[in-house]
Amino acid sequence: MLTRPAAPASTGPGPGLLVSLGAWTWPGTDPAGQSIAHILLAHPPGRTSHDTAEVIEARMRHIAESLGGLAGARESIPDLHGRLQVIGDRVLLRFHGARYGLRLPTHPTWTDLLTGCGRAVLLLGLDPLPQSADALRVDAYLDAALATDRLLFGRAHTT
């Protein structure tokens, strides 16, 4: 008799969701004024009537759990060990239970900062943001999301 194997306790995001995510990186500072790399992940606006705000938020919360759990701005920020893998000038964000990772956009200054300090602030937006968003649009998104508690945070560490 053939049976299906039991589903894994935690499955990571599929390749379709990873490919659809918007990712932005920039050098910045932490609350203590130390230089640190920053990463923003956001879901693009829905393309169909099935991509409601609630569905998009659920997908992003699944991403947060697949990274090891992220926290709100007023909570203790978790450390996410081994989530970032630097391979030459490329950086890959790894997820629990996922076969694939997300290649992050990089610039040599950002990559040098990441490799120098071994960690980055990871911000995950619960609201959609187009992948084509420029720096001004990303800043406005971050301001609005922070004011409405629609960002989740973590400290991602390199392997």
Side-chain angles (χ1 to χ4, degrees), residues 6-28 30 36-87 90-107 110-111 113-114 117-135 137-159:
S10 172
T11 58
L17 178 55
L18 292 178
V19 168
S20 72
L21 290 178
W24 295 263
T25 58
W26 68 95
D30 65 15
I36 190 166
H38 286 72
I39 303 164
L40 169 65
L41 299 180
H43 195 288
R47 295 182 295 156
T48 70
S49 61
H50 298 291
D51 291 330
T52 64
E54 294 80 14
V55 168
I56 289 172
E57 180 176 344
R59 289 176 186 154
M60 295 311 290
R61 289 192 183 277
H62 178 66
I63 291 282
E65 289 306 312
S66 297
L67 287 165
L70 301 179
R74 294 175 187 84
E75 301 169 347
S76 179
I77 307 301
D79 284 305
L80 311 169
H81 295 283
R83 296 294 100 207
L84 295 170
Q85 185 176 9
V86 180
I87 307 163
R90 298 179 181 177
V91 178
L92 190 65
L93 181 63
R94 307 289 297 178
F95 301 85
H96 291 293
R99 183 175 177 189
Y100 304 97
L102 177 65
R103 184 175 170 188
L104 298 173
T106 61
H107 182 276
W110 183 84
T111 306
L113 179 59
L114 175 65
C117 66
R119 68 189 191 296
V121 174
L122 176 62
L123 302 96
L124 186 136
L126 297 175
D127 297 317
L129 179 66
Q131 288 181 333
S132 61
D134 62 11
R137 178 79 189 267
V138 169
D139 282 346
Y141 176 86
L142 290 171
D143 288 343
L146 190 58
T148 56
D149 204 24
R150 302 290 293 161
L151 284 176
L152 299 177
F153 298 86
R155 272 187 301 271
H157 295 263
T158 56
T159 56

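Since this is a predicted model, take the numbers as computed values, not measurements.
If you take CG on Leu113 and CD1 on Ile36, they are separated by 7.5 Å, rounding to the nearest 0.5 Å. Residue Leu104 holds its CG atom at 7.0 Å from CG of Leu41, rounded to the nearest 0.5 Å. For the atom pair CZ (Arg155) and NE2 (His81), the distance works out to 8.5 Å, reported to the nearest 0.5 Å. One distance of note links CG of Leu21 with NE2 of His43; it measures 6.5 Å at 0.5 Å rounding. The CG atom of Leu40 sits 8.5 Å away from the CG atom of Leu122 when rounded to the nearest 0.5 Å. The CD1 atom of Ile63 sits 5.5 Å away from atom CG of Leu18, with the distance rounded to the nearest 0.5 Å.
Of the candidates His96, Arg94, Arg83, Leu67 forms a side chain to side chain contact (heavy atoms under 4.5 Å, CB included) with just one, namely Arg83. In summary, of the residues considered (Ile39, Thr106, Thr158), a side chain to side chain contact (heavy atoms under 4.5 Å, CB included) with Val91 occurs for Thr106 alone.
Using a 4.5 Å heavy-atom cutoff, the side chains of Leu102 and Phe95 are in contact. Between Arg137 and Pro130, some side-chain heavy-atom pair lies under the 4.5 Å cut-off.
The heavy-atom pair separating Leu124 from Ala64 by the smallest distance is CD1-N, 4.1 Å. Here the closest non-hydrogen pair linking Pro13 and Ala98 is O-CB, 3.8 Å.
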Residue pair Val55, His50: steps toward the side-chain contact (heavy atoms from CB on, under 4.5 Å) verdict: CA-CA 8 Å; Val55 168; His50 298 291; over 6 Å; no
Leu80/Leu70 under side-chain contact (heavy atoms from CB on, under 4.5 Å): CA gap, chis, key distance, verdict: CA-CA 9 Å; Leu80 311 169; Leu70 301 179; 3.4 Å; yes
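With hydrogens and angles disregarded, no donor-acceptor distance shorter than 3.5 Å links the side chain of Gln85 to the backbone of Thr159. A donor-acceptor contact shorter than 3.5 Å links the side chain of Trp24 to the backbone of Ala133. In this structure, Tyr141 contributes its side chain and Asp127 its backbone to a donor-acceptor pair below 3.5 Å.
Taking a cutoff of 4.0 Å between a charged side-chain nitrogen and a carboxylate oxygen, Arg61 and Glu57 qualify as a salt bridge. Ion pair Asp79/Arg119 not flagged as a salt bridge, since none of the NZ, NE, NH1 or NH2 atoms sits closer than 4.0 Å to an Asp/Glu carboxylate oxygen.
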